[in-house]
Amino acid sequence: MSYDDNNIFAKILRGEIPCDKLYEDEYALAFNDLYPKAPVHILVIPRGKYTDIADFSARASAEEIAGFWRMVAKVAEDKELPGEGFRTIANTGVNGGQEVPHFHVHLLGGQALGPMLAQAA
Ligand code: 5GP
C-alpha cells in the first residue's frame with residue numbers, strides 16, 4: 001500500500017487539523033483519540049510516512065523505531081498505566097480494522113478492558 005498524504009494523521013502532523021496533543025519529539029507524536037473507547041485512549045504515531053506496522057518495521061531507521069516505542073512507554077508511564085495495566089493495539093489492514101493508513105498504536109487503560117476481542121471467533 002502506498003502512503004496517502006491526505007490521511008487524517010498526516011494532516012495532524014502537518015498542523016492542518018487540530019489534535020489534543022500530549023507529547024511530541026523528533027520521532028513521534030502522542031494525542032488523545034477523538035472517540036475514546038476507554039478512560040485513557042491515546043494514539044502514538046511516528047512522524048515518518050509509514051502505512052502500518054510492517055511498513056514501519058521494514059523502512060524506519062533504528063532511531064525512529066526506538067524513539068517511537070520509547071514514546072509509547074513514556075506516555076504509559078506518565079499516565080500511570082503500568083500499575084493497573086493497560087493495552088496497546090496496532091490495527092493493521094482490512095482484517096485488523098485499520099481506519100487511518102498511517103501507522104499508529106492505541107494506548108488504552110484506566111479501567112479493566114475485558115477480553116482481547118469483542119467476540120470469540
Ligand atoms: P484505527 O481504526 O485506524 O486503528 O484507529 C484510528 C483511530 O483514530 C480511531 O480510534 C479514531 O477514533 C481516531 N480518529 C479518527 N479521526 C480522528 C481525528 O481527527 N482526531 C483524533 N484525535 N483521532 C481520530
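Predicted model only: the values in this text are computed from it and were never measured. Whatever order the structure lists ligands and atoms in, that order sets their numbers, starting from 1.
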For Leu43, take its heavy atoms, then give the atoms of ligand 1 lying under 4.0 Å from any of them.
-> 8 (O), 23 (N)
Less than 4.0 Å between a side-chain N and a carboxylate O, is that true for Asp55 and Lys49?
-> no
Under 4.0 Å from one or more heavy atoms of Gly97, ligand 1 contributes atoms 2 (O)
Any idea which atoms of ligand 1 are less than 4.0 Å away from a heavy-atom of Gln98?
-> 3 (O)
Any nitrogen or oxygen of His106, main chain or side chain, under 3.5 Å from a nitrogen or oxygen of ligand 1?
-> yes
Starting from atom 16 (N) of ligand 1, find the nearest protein heavy-atom neighbour and note its residue, name and distance.
-> Ile8 CG2, 4.2 Å
For atom 1 (P) of ligand 1, closest protein heavy-atom neighbour = His104 NE2, 3.1 Å
Is there a side-chain contact between Met71 and Tyr27 (heavy atoms, below 4.5 Å)?
-> no
Hey, does Phe9 have a side-chain heavy atom less than 4.5 Å from the side chain of Leu29?
-> no
Which heavy atom of the protein is the closest neighbour of atom 3 (O) of ligand 1, given with residue, atom name and distance?
-> Glu99 N, 2.7 Å
Between Val105 and Phe68, is any pair of side-chain heavy atoms under 4.5 Å apart?
-> yes
So which bit of Phe103 gets within less than 4.0 Å of ligand 1, heavy atoms only: side chain, backbone, both or neither?
-> neither
Would you say Asp20 contacts ligand 1, with heavy atoms under 4.0 Å as the rule?
-> no
Short N/O distance, under 3.5 Å, between Leu34 and ligand 1?
-> yes
Closest to atom 12 (O) of ligand 1 among protein heavy atoms sits Asp33 OD1, 2.5 Å
Which ligand 1 atoms, with their elements, are less than 4.0 angstrom from a heavy-atom of Asn91?
-> 1 (P), 2 (O), 4 (O)
Applying salt bridge (Lys or Arg N to Asp or Glu O under 4.0 Å) between Arg47 and each of Glu24, Glu26, Glu63, report the one that passes.
-> Glu24
Going by heavy atoms in the side chains, are Arg70 and Asp25 under 4.5 Å from each other?
-> no
State yes or no: are the ring centers of Phe56 and Tyr50 separated by less than 6.0 Å?
-> yes
Side chains of Phe86 and Val40 in contact at under 4.5 Å (non-hydrogen atoms) | no
Just distances here: any N/O of Val100 and N/O of ligand 1 closer than 3.5 Å?
-> yes
List the atom of Tyr3, the atom of Thr51, and the distance in Å for their closest heavy-atom pair.
-> CA-CG2, 3.8 Å
Quick one: look up the protein heavy atom nearest atom 8 (O) of ligand 1 and list residue, atom name and how far away it is.
-> Phe9 CZ, 3.5 Å
Among non-hydrogen protein atoms, atom 15 (C) of ligand 1 lies closest to Tyr35 CE1, 4.4 Å
At what distance is the nearest protein heavy atom to atom 22 (N) of ligand 1, and which residue and atom is it?
-> Asn32 O, 3.0 Å
Is there side-chain contact between Leu43 and His106, with heavy atoms separated by less than 4.5 Å?
-> yes
